[in-house]
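Take a look at the structure below.
As the structure is a prediction and not an experimental result, all values here were calculated from the model. For ligands, and for the atoms within them, numbers begin at 1 and follow the listed sequence.
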Amino acid sequence: MKQFFSVADVSNLSNIVDEALRLKQAPFAYEQLGKRRTLGLVFLNPSLRTRLSTQKAAMQLGMDVMVMNMDKDGWALETRDGVAMNGATVEHIREAAAVMGQYCDVLGIRSFPKLQDREEDYSEDLFRKFSSHCGVPVISLESATRHPLQSLADLITIREHWLEPRKPKVVMAWAPHIKALPQAVPNSFSEWMCRAQAEGMVDFTIAHPDGYALAESFTQGATIANTLDDALVGADFVYVKNWSSYNDYGQVLPVKEQWMLDNRKLAITNHANVMHCLPVRRDLELASEVLDGPQSLVIREAGNRVWAAQAVLKRMLDDN
Ligand code: CP
């Protein structure tokens, strides 16, 4: 594996989930694999889970890890080509990425969208330029439109908590928020679940209010519902997440109906497990009674971020 940017970089979903679950049983089985190899983690935005879980995964493979908080400690980056850098930017991504590639065997980068220009965000310009200029394998730690390490951890969590022979009904439910959030997590979860559905692993439904449809390229094959209560009937997993509008790009649109999952709505489901990528705003996105209740998987889901990252890093070390 030379890049981990989307589900398209994984040839077989079952195989990588199985590998992650084997690593969970034997975290240090490959502790020699990464000896004398260095992972660089580059953050242009904040992180708790992605940063710590990827560091832990790398350490369990014997790697050294360096973390660069570009947003706080780095030079202001220029990403445009063909412009005179006579403004606030100090270093071009061409040199910055190439230099980091001199120090590291594998790099990871996190960069959120600006949510101002849809075409610019969906071009994934920063990730693509970083990847092409650094000269080493690159892992997305969340880009403008996707969060593949989160989605792999989510699929691992679903597999781990589903022991029945029939396929589980997985519902991704839009949730309220006061801020405009990216579509990266829901795009990515949808992309991974649509692929899992095509491979016979799940039945996948997306529930969102009018105006919150995701880009169609991420939702091929999903059932779409505009009423939360209808979508929750028979659900085995509910994946709660807010996102801002794709069509009215980056806007928070008014929603009259109640979309926060609470115990009353959870009772409509088939005793569903509840997931959220975290961080979560309690009693705004998701009711505390659900988060603290017996059907919440959010902490175990975050724990599985380690095994997702370790499975991806192992493949990169095996192949490079
Ligand atoms: N879920 C997730 O990516 O968490 P962080 O933003 O804290 O890394």
To which protein heavy atom is [atom] closest, and what is the distance rounded to 0.1 Å?
{"atom": "atom 6 (O) of ligand 1", "answer": "Arg110 NH1, 2.8 Å"}
{"atom": "atom 4 (O) of ligand 1", "answer": "Arg49 NE, 2.9 Å"}
{"atom": "atom 7 (O) of ligand 1", "answer": "Leu48 N, 2.7 Å"}

Practice problem: Ignoring hydrogens and angles, state whether a donor on the side chain of Lys169 or Asn270 is under 3.5 Å from an acceptor on the partner side chain. | Solution: no
Quiz item: Within the side chain of Glu301, is there an N or O that forms a donor-acceptor pair under 3.5 Å with the backbone of Gly303?
Solution: no
Quiz item: Heavy atom under 4.0 Å from ligand 1: found in Leu278's side chain, backbone, both, or neither?
Solution: backbone
Could you go through residues 57-68 and list every donor-acceptor pair under 3.5 Å that involves a side-chain atom there, pairing it with any protein atom two or more places apart or in another chain?
unit_1	atom_1	unit_2	atom_2	d
Gln60	OE1	Lys56	NZ	3.3
Gln60	NE2	Gln310	OE1	2.7

Using atom types as modelled, flag every donor-acceptor pair under 3.5 Å from a side chain in residues 102-113 to any protein atom, sequence neighbours excluded.
unit_1	atom_1	unit_2	atom_2	d
Asp105	OD2	Thr38	N	2.7
Arg110	NE	Leu141	O	2.9
Arg110	NH1	Pro46	O	2.8
Arg110	NH2	Thr50	OG1	2.9
Arg110	NH2	Leu141	O	3.2
Arg110	NH2	Glu142	OE1	3.3
Arg110	NH2	His147	NE2	3.4

Exercise. Name the option, out of Glu142, Arg51, His147, that contains the heavy atom nearest to atom 3 (O) of ligand 1.
Key: His147
Quiz item: Should you measure from each heavy atom of Arg305, which atoms of ligand 1 turn up under 4.0 Å away?
Solution: 1 (N), 2 (C), 3 (O)
Exercise. Could you list the atoms of ligand 1 found under 4.0 angstrom from a heavy atom of Gln150?
Key: 1 (N), 2 (C)
Quiz item: Does Pro46 reach ligand 1 with a nitrogen or oxygen that is under 3.5 Å from one of the ligand's nitrogen or oxygen atoms?
Solution: no
Practice problem: Kindly assign one of parallel, tilted or perpendicular to the pair Trp174 and Tyr212, based on the angle between their ring planes and the thresholds 30° and 60°. | Solution: tilted
Exercise. Check the pair Asp229 / Lys265 against salt bridge (charged side-chain N to carboxylate O under 4.0 Å, His left out), numbers first and verdict last.
Key: CA-CA 7 Å; Asp229 288 10; Lys265 287 192 180 294; 2.6 Å; yes
